[in-house]
Structure formats: structure tokens, C-alpha cells
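All residue numbers refer to positions in the sequence shown, counting from 1. One-based numbering, in listed order, for ligands and for the atoms of each.
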Amino acid sequence: MAIYDIIIIGAGASGLFCAASFTKKIKGLLLEKNQSPAAKLLLSGSGQCNLTHRGDIRDFASRYGDNGSRIRPILYRLSNQALMDYFQKNGIPLITREDGKVFPKSLSAPQIADFLLARSRENGFSLKTGAPALEIRYAASSRLYTVIHPGGTEQAKHLVIACGGASYPQTGSDGSILPVLSHLAQDQGKKLEIVPQRPALTPVFVQDYPYGSLSGLSFPQIRATLRIKGEEGRPKREIQASGSLLLTHRGFSGPVILDHSRYVSSGDELSINYLPGLFPLDMQQKLKALLSGNHKQAQTALCQYLNHEGSFFHTEFSRRFTELLCLRCGIDPRAKAASLSGGQLRRFIDLITQDVFRISGTGGFQWAMATAGGVALSQISVKTMECLDFPGLYMIGEILDVDGDTGGYNLQFAFSSAFTASAGIKL
Ligand SMILES: Cc1cc2nc3c(=O)[nH]c(=O)nc-3n(C[C@H](O)[C@H](O)[C@H](O)COP(=O)(O)OP(=O)(O)OC[C@H]3O[C@@H](n4cnc5c(N)ncnc54)[C@H](O)[C@@H]3O)c2cc1C
């Protein structure tokens, strides 16, 4: 049986980048469960591949939730700037959108996947597809890893696990490698700490969601407050975030919700302020003055007020949104604006500034664009990505307990960790 220098399990974003990053010729194998590589990379950024974000790499750590500071050395090893330079030097021009997201100029994820695969082959890696790793063994005497897949058995001196998380399982990354790794650890009389996987970057569902009929309405700048109830081992805490919100048929989405879904559990509370930056008392005074002697319908006058303060509603949507708000706080939308009582106005302002919901769940792995949880960071060296208790075994990408915000942070981590491993493997 041929012995490879390196086997990489998973030919996704991190696996391909790792194989592509070696600076010398290697006898390598990419082992991929699917019939073709890079399924998720091809879907990324709606097929356009938002491969990183502009800005200072020092600010990146805050975009990976509670684990951000621990992965700083990995992000610094291949920064966003270094990643952009790498692609540009290799004939892939990039563009940066106004919101800071970086894409290939071609807006083509296949261009990135094709380039990485071609570079991997140049580096000496062959690709076996339709080959899910079902079992991994390690022989301390020979220091070789053996990987068993339905088509045969492979051996290597170094093994890189690049199997992704568990979100969008139809792309091949479904978490099924975790029991294989736990079995390997057991076999060696060791323990591999795995943080239970949870969907991240997913819509959030709430009890009695009132906005199903307004699906598609978005707000460029709201403030969301998440109150974690502090049960089941999770500390009680409050998290605030600002950004854009999207109403869907079934629940809340948009960056501000997706980015914080990693923290969410059923029973937590979500409070939305649609007009952050305005003080309720000022609003009350302004509305009072605006409505006094106003012969318009309540819905029309209140809608005009919201448009004036927020100036972001699509007209038709804004009318329906205001109508819903009126009904929810006991105002007849067709009543005369001047007839609204102080109490009704207060309830309306309350709803605008703190629309509170009990969370009933999230979109689940089928909808999640990332996975929180996975192999605990305590198990690896952040200098090399090698497992501390398993010499020659490396973990990269979303298999690890790292999940980033929307905007290119997940691919940046996949690439940075892949690069760190390729530099860390001593052949
Ligand atoms: C719809 C969608 C859009 C996204 N868009 C963006 C974006 O624009 N920007 C961004 O930064 N992030 C984006 N992400 C997230 C990003 O794609 C992932 O974080 C990234 O692909 C993770 O890379 P990875 O190599 O760890 O895993 P993956 O890319 O998922 O690759 C893992 C590979 O391992 C294979 N595999 C799994 N188990 C086995 C096994 N037992 N044996 C052999 N092979 C196995 C899988 O088939 C897969 O090919 C998006 C995610 C989704 C779902």
C-alpha cells in the first residue's frame, strides 16, 4: 500500500486551501465524501464567494463570538490582507463592496475552487471522490495514520481533518466525522473534547411571530437585544447588536440576527428597537405635536412619522407595518390621528423601541450557514493546528469550535487555519 506524506480528509474550502498552500511537491491525497469537491465553497456568497472582509485584522477576533481571541494567532498567520494578496498575485483580481465584503472580481466561486484544486494537483495531491472516511486508526510504532473508506484503505504520516461543520448537510459536511474521531481517541486511550454542534448564522423564530405577511421587509439599522435566560449551564447575559434586519415568512433574519444566532436558545428573549438613537420621551413629544389637530387616519400619520424618523421604509410595506403596529397596541388604524390618547401613543412608542419576543427556536442545520461547536480549540496548537494529544493529526476549518459572523469571516478562518497547518506540517 502506498504511504502518503499527507492525507487531507475533506476537499472543501479549508482542505483545498491547505493542499494548495504547500511550497514544495508532496505525495498527498485529498479524500472527499462527495462525488465532486468544494460543494459549500461553490454556494458561498450566493455563488459569488465572499472570501474575506476588508479592514484591520486586529478587529477580526471580535467577529467570532466568545472564541475570537483564541484564534487570533491563526488569523494573523494568514491575515485578510495576505489572503487578498495571495489571490491577486495568482491572477485572481478581487473587488471590495461598500459593505466591506471581498469577492473575486469575476463574482465566481468556481474560479476560486478551480484555482485551489489546480494548485493542489500541482503540489502533488491527487483527489479521490465518493470516498467518505469511515474509520481512522493510528499505529504509534510506525507513526502512521490509516484511513478506511468504502473504496479502500490509505495510509499517511500526517492526517488533516478538514470535514467542515454540520450545516447545509447536503453539501457533505454533516458532522459524521466526529464519531470517527471520538472512536480514534478511544482506541488510543485518549479523549478528544468536542463541543456539541449547534446551528449558527441561522434565522431566529419567535412565539406569536406577527410579521409573516411582511416577509421581505428589511430595516437597514435596528438594535437587537438578546436576553439569555441563564439555564442549562449557559450564564445569564444580555447581548446588544446593531445592524440590518430582514423579516421572513417564519421569523427574523438579516445580518444582525444571523450573527447573534450562535448564542440563541428557545426561551431566550429578543427585543427589537426599530428606531435606535431616538429617546422615547422625545418621540412622545414629537408625536403629540404632530398628531394634535391632525385629521388624517392614525395609520397614515404614524406612518409619516416613522418614515420621517427612519426614512427607510418601502411605502407599501411601511403602511402595512404601521397598521400591524397599531393593531398590536390597540389603536384603530383608521381612527382620527388627533383622537389618540397619551396611553396609546406610549404603547406605540414602546412597541417601536422594544418589540419583545420569546424565542422558540432557530432555523436548524438545514438553514444555518455555519456551525458553532465542534472539536474544542483546547485540543489543538493554534501555532500549527496539530492536535496536542495526537502527533501528526491536524484539524482545520469549521470542524473546530469556531464560527464567524456573516461577511467573509468563515472563509477567512477556513483559509487561515489551512495555511497555518500547511506551514506547521514538517515533512
Ligand atoms: C449557503 C452558504 C453560503 C456561505 N457563504 C459564505 C460566504 O460567502 N463567506 C464566508 O466566509 N462563508 C460562507 N459560508 C460558510 C463557509 O462556506 C464555510 O465556513 C466553509 O466552507 C468551511 O470550510 P471547511 O473546509 O471547514 O468545510 P466545507 O467547505 O464544508 O468542506 C468540508 C468537506 O469535507 C467533506 N467531508 C465531510 N465529511 C467527510 C468524510 N467523513 N470523509 C470525506 N470527506 C468528508 C465534505 O463533503 C466537504 O466537501 C457559507 C455557507 C453556506 C452554507
Assess whether a salt bridge exists between [X] and [Y], defined as any Lys/Arg side-chain N lying under 4.0 Å from an Asp/Glu carboxylate O.
X      : Y      : result
Glu323 : Arg320 : no
Asp403 : Arg262 : yes
Lys27  : Asp5   : no

Sub-4.0 Å heavy-atom approach of [X] to ligand 1:
X      : result
Pro132 : yes
Ala162 : yes
Pro37  : no
Thr171 : yes
Gly408 : yes

For [atom], grab the closest protein heavy atom and report residue, atom and distance to one decimal in Å.
atom                    : answer
atom 13 (C) of ligand 1 : Ser44 CB, 4.2 Å
atom 50 (C) of ligand 1 : Met369 O, 3.9 Å
atom 44 (N) of ligand 1 : Lys33 N, 3.1 Å
atom 10 (C) of ligand 1 : Leu411 CG, 3.4 Å
atom 23 (O) of ligand 1 : Ala13 CB, 3.6 Å
atom 18 (C) of ligand 1 : Glu398 OE1, 3.0 Å
atom 40 (C) of ligand 1 : Ala133 N, 3.7 Å
atom 27 (O) of ligand 1 : Gly164 CA, 3.2 Å

What I want to check is whether the side chains of [X] and [Y] have a donor and an acceptor closer together than 3.5 Å.
X      : Y      : result
Asp355 : Tyr211 : yes
Glu135 : His183 : no
Glu32  : Thr129 : no

Which of the ligand 1 atoms, numbered from 1, are nearer than 4.0 Å to a heavy atom of [X]:
X      : result
Gly397 : 26 (O)
Leu31  : 43 (C), 44 (N)
Ser173 : 30 (O), 46 (C)
Ile177 : 41 (N)
Asn34  : 47 (O)
Asn410 : 11 (O), 12 (N), 15 (C), 19 (O)
Tyr409 : 11 (O)

Among [options], which one has a heavy atom closest to [atom]?
atom                    : options                        : answer
atom 53 (C) of ligand 1 : Tyr168, Phe415, Trp367, Phe365 : Tyr168
atom 48 (C) of ligand 1 : Lys40, Glu32, Gln366           : Glu32
atom 25 (O) of ligand 1 : Ser14, Ala200, Ala109          : Ser14

Classify the contact between Ala131 and ligand 1 as side chain, backbone, both or neither, using a heavy-atom distance cut-off of under 4.0 Å.
-> backbone

Tell me which part of Asp174 gets within contact of ligand 1: side chain, backbone, both or neither, using heavy atoms under 4.0 Å.
-> neither

Heteroatom distance test (Asn50, ligand 1): nitrogen or oxygen, under 3.5 angstrom = yes

Between Gly45 and ligand 1, is there a nitrogen or oxygen pair with a distance under 3.5 Å?
->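 Yes, since at least one N or O of Gly45 sits under 3.5 Å from an N or O of ligand 1.
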
Which value, rounded to the nearest 0.5 Å, describes the distance between Met369 atom CE and Asn410 atom CG?
->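 That separation rounds to 9.0 Å.
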
Hey, what do you get for CZ (Phe87) to CZ (Phe115), rounding to the nearest 0.5 Å?
->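 Taking CZ in Phe87 and CZ in Phe115, the distance rounds to 6.5 Å.
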
Taking the side chain from [X] and the backbone from [Y], do they hold a donor-acceptor pair closer than 3.5 Å?
X      : Y      : answer
Arg347 : Cys329 : yes
Gln412 : Leu78  : yes
Asn80  : His53  : yes
Lys426 : Ala423 : yes

Please determine which of Leu192, Ile161, Ile136, Leu388 meets the side-chain contact (heavy atoms from CB on, under 4.5 Å) test together with Leu393.
->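 By the side-chain contact (heavy atoms from CB on, under 4.5 Å) criterion, Leu393 pairs with just one of Leu192, Ile161, Ile136, Leu388: Ile161.
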
State whether Tyr168 and Lys40 meet the cation-pi test: NZ (Lys) or CZ (Arg) under 6.0 Å from the six-membered ring centroid, and within 45° of the perpendicular axis.
->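 Judged by the rule (NZ or CZ under 6.0 Å from the ring centre, within 45° of its axis), Lys40 is not positioned above Tyr168.
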
Which class fits the ring pair Phe219 and Tyr274: parallel under 30°, tilted 30 to 60°, perpendicular over 60°?
-> tilted

Please work out which of the three classes, parallel, tilted or perpendicular, describes the rings of Tyr209 and Phe252, given edges at 30° and 60°.
-> perpendicular

